Structures are given as structure tokens and as C-alpha cells.
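Everything quoted here is computed from the prediction, not taken from an experiment.
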Amino acid sequence: MKNTRSIRVLSVILSLLMVIGVIALNKGTVLAATDATTGLEYTIEGGQATITAFTAPAGFGGALNIPSTLGGAPVTGIGEIAFISTSSLKSVVIPSGVTSIGSAAFLSCENLTSVTIPSTVTSIGEQAFDSCIKLTGVIIPNGVISIGAWAFWGCSALTGITIPNSVTDIGWE
């Protein structure tokens, strides 16, 4: 009888540990995937998608219209170095809902001529558009609070940039 009771108690404890493990795993799960149509790699965490990399799909003409959802989750961020040195990228439209553009996200995209930044973006990371030598004009929407250091460094064709009053922090280092 003691042996049966010990087995039941042990079974209950193991069952609880399994349930706790599944709950912990679900909370910390990060899904990584690639959208074959756009060539965008992304992660989903907390129900939100962040673009992490880009590989131009066959026949890519240079104009990228980032979708507002990937893998069923809203796109809210462009991660660090997501598009770094993508020479095939000529223009990019960032969808409403994106709140941050990571550090060096578009660093050395030498053929990038235009970018559309939505009003939902609140931060532009360090070196985000550094060395985009063909980028000619940028309108930073009202709502952006911070612009990282060297965000537009080396943009030699840049003839104009509009910075709204909402910007309270522009990095220097």
C-alpha cells in the first residue's frame, strides 16, 4: 500500500513538472522563419514579428514593400543589421505598426535611394542608414523620439532631412 501511494505522489509531482515545463517553454518560445515570397527572415516573440535578415528572392527588382504581418504576427521591428549591405535594395516602404529600426539595419545599402518611415516609429538605431550613399531625402515622422549616433553618416547624396520636434535624443557617440 505504501508503494502504491509513493508511486501516485511521484506521478503527480512529475505531471506538475511537465505542465510547468510546457508553460515555461511556451512563454519563452521564439519562432524563427523565412517568408519565401519577400525573402524576409523574422522572429516572432510575444506575438510580434521582428525582421532579422533579408535575402532577395529570384526576380527581385529592388523595391521592397515590407508587409504589415509575417507569420500571422504584426511586424513591429526591424532588427539590428537586418538589411546590412543589401546592394539589390533600392527602395523600402516600412509599414505602419513598426516602432523601431535597429542599429545598422540598413548599413551600407549602397543602392538605397528612398525609404518610407511610418509615424509609428519611435526610435531609429545607431548607424541605421549609415553609408547609404544614394539615399537622397528622408522625412522622419512626428513621433520619433530618438535617433542613434551616425544614423545617416556617409549618406553623401542626402540633400535634405526633416527632423520633427518629437525627437528629444540624437546620439553623438
Side-chain angles (χ1 to χ4, degrees), residues 28-164 167 170-171:
T29 299
V30 175
L31 170 70
T34 301
D35 182 80
T37 304
T38 61
L40 293 168
E41 294 177 32
Y42 60 94
T43 58
I44 296 176
E45 185 172 8
Q48 298 179 340
T50 298
I51 296 169
T52 57
F54 173 72
T55 303
F60 179 67
L64 179 63
N65 190 356
I66 297 173
S68 59
T69 61
L70 286 168
V75 176
T76 60
I78 297 174
E80 295 182 3
I81 67 168
F83 293 91
I84 192 169
S85 298
T86 304
S87 61
S88 61
L89 189 62
K90 296 177 182 174
S91 66
V92 63
V93 175
I94 300 170
S96 180
V98 170
T99 60
S100 65
I101 299 171
S103 296
F106 295 93
L107 175 69
S108 296
C109 289
E110 61 189 27
N111 291 310
L112 183 64
T113 59
S114 68
V115 61
T116 302
I117 301 172
S119 61
T120 53
V121 170
T122 58
S123 67
I124 298 172
E126 293 182 359
Q127 296 182 292
F129 297 95
D130 185 347
S131 299
C132 292
I133 59 173
K134 293 185 179 176
L135 189 60
T136 57
V138 176
I139 297 174
I140 298 173
N142 196 29
V144 172
I145 297 167
S146 67
I147 300 172
W150 308 296
F152 297 95
W153 181 265
C155 294
S156 53
L158 193 61
T159 58
I161 187 165
T162 302
I163 300 174
V167 174
I170 297 177

Verify the neighbour count for atom CD1 of Ile139: are there more than 12 heavy atoms of other residues, nucleotides or ligands below 6.0 Å? no

Rounded to the nearest 0.5 Å, what separation is found between the CD1 atom of Ile66 and the OG atom of Ser68? 11.0 Å

Atom pair OG1/CG of Thr162 and Asn142 - distance to nearest 0.5 Å: 11.5 Å

Pro141 to Pro164 - nearest heavy-atom pair and separation: O-CG, 3.3 Å

Mind checking whether Ile161 and Ile140 have side chains closer than 4.5 Å, heavy atoms only? yes

Quick check against the 3.5 Å criterion: does Ser123 have a side-chain atom that pairs as donor or acceptor with the backbone of Ser100? no

Please round to the nearest 0.5 Å and tell me the distance separating atom NZ of Lys134 and atom OG of Ser91. 13.0 Å

Closest heavy-atom pair, Ala157 versus Ile133, reported as atoms and distance to 0.1 Å, is CB-O, 3.2 Å

Taking every heavy atom of Pro67 against every heavy atom of Pro95, the minimum-distance pair comes out as O-CG, 3.5 Å

Looking at Ile84, I'd like to know if its CD1 atom is crowded, meaning that more than 12 non-hydrogen atoms belonging to other residues, nucleotides or ligands lie closer than 6.0 Å. yes

Side chain to side chain, Phe106 and Leu135, heavy atoms closer than 4.5 Å: no

To the nearest 0.5 Å, what is the distance between OG1 (Thr52) and CD (Glu80)? 11.5 Å

Measure across Ala128 and Gly102 and return the closest heavy-atom pair with its distance rounded to 0.1 Å. CB-O, 3.9 Å

Please work out whether the ring planes of Phe83 and Phe54 are parallel, tilted or perpendicular, with thresholds of 30° and 60°. tilted

Audit row: Ile117, Ile124, side chain to side chain contact (heavy atoms under 4.5 Å, CB included) steps and yes/no: CA-CA 10 Å; Ile117 301 172; Ile124 298 172; 4.2 Å; yes

Indicate yes or no for a side-chain donor-acceptor contact from Thr99 to the backbone of Thr122 under 3.5 Å, with no hydrogens or angles considered. no

So, for Ile163 and Ile147, which heavy atoms are closest and what is the spacing to 0.1 Å? CG2-CD1, 4.4 Å

Which residues pass the ring pair (Phe, Tyr, Trp, His ring centres under 6.0 Å) test with Tyr42, sequence neighbours left out? none

Residues Ser87 and Asn111: closest non-hydrogen pair is O-ND2, 2.8 Å

Flag, side chain of Thr120 to backbone of Val98, donor-acceptor distance under 3.5 Å: yes

What's the spacing between Cys109 SG and Leu89 CG if we round to 0.5 Å? 5.5 Å

Is a side-chain donor or acceptor of Asp35 paired with a backbone partner of Leu40 at a separation under 3.5 angstrom? no

To the nearest 0.5 Å, tell me how far Leu70 CG sits from Ile44 CD1. 7.5 Å

Mind checking whether Phe129 and Val138 have side chains closer than 4.5 Å, heavy atoms only? no

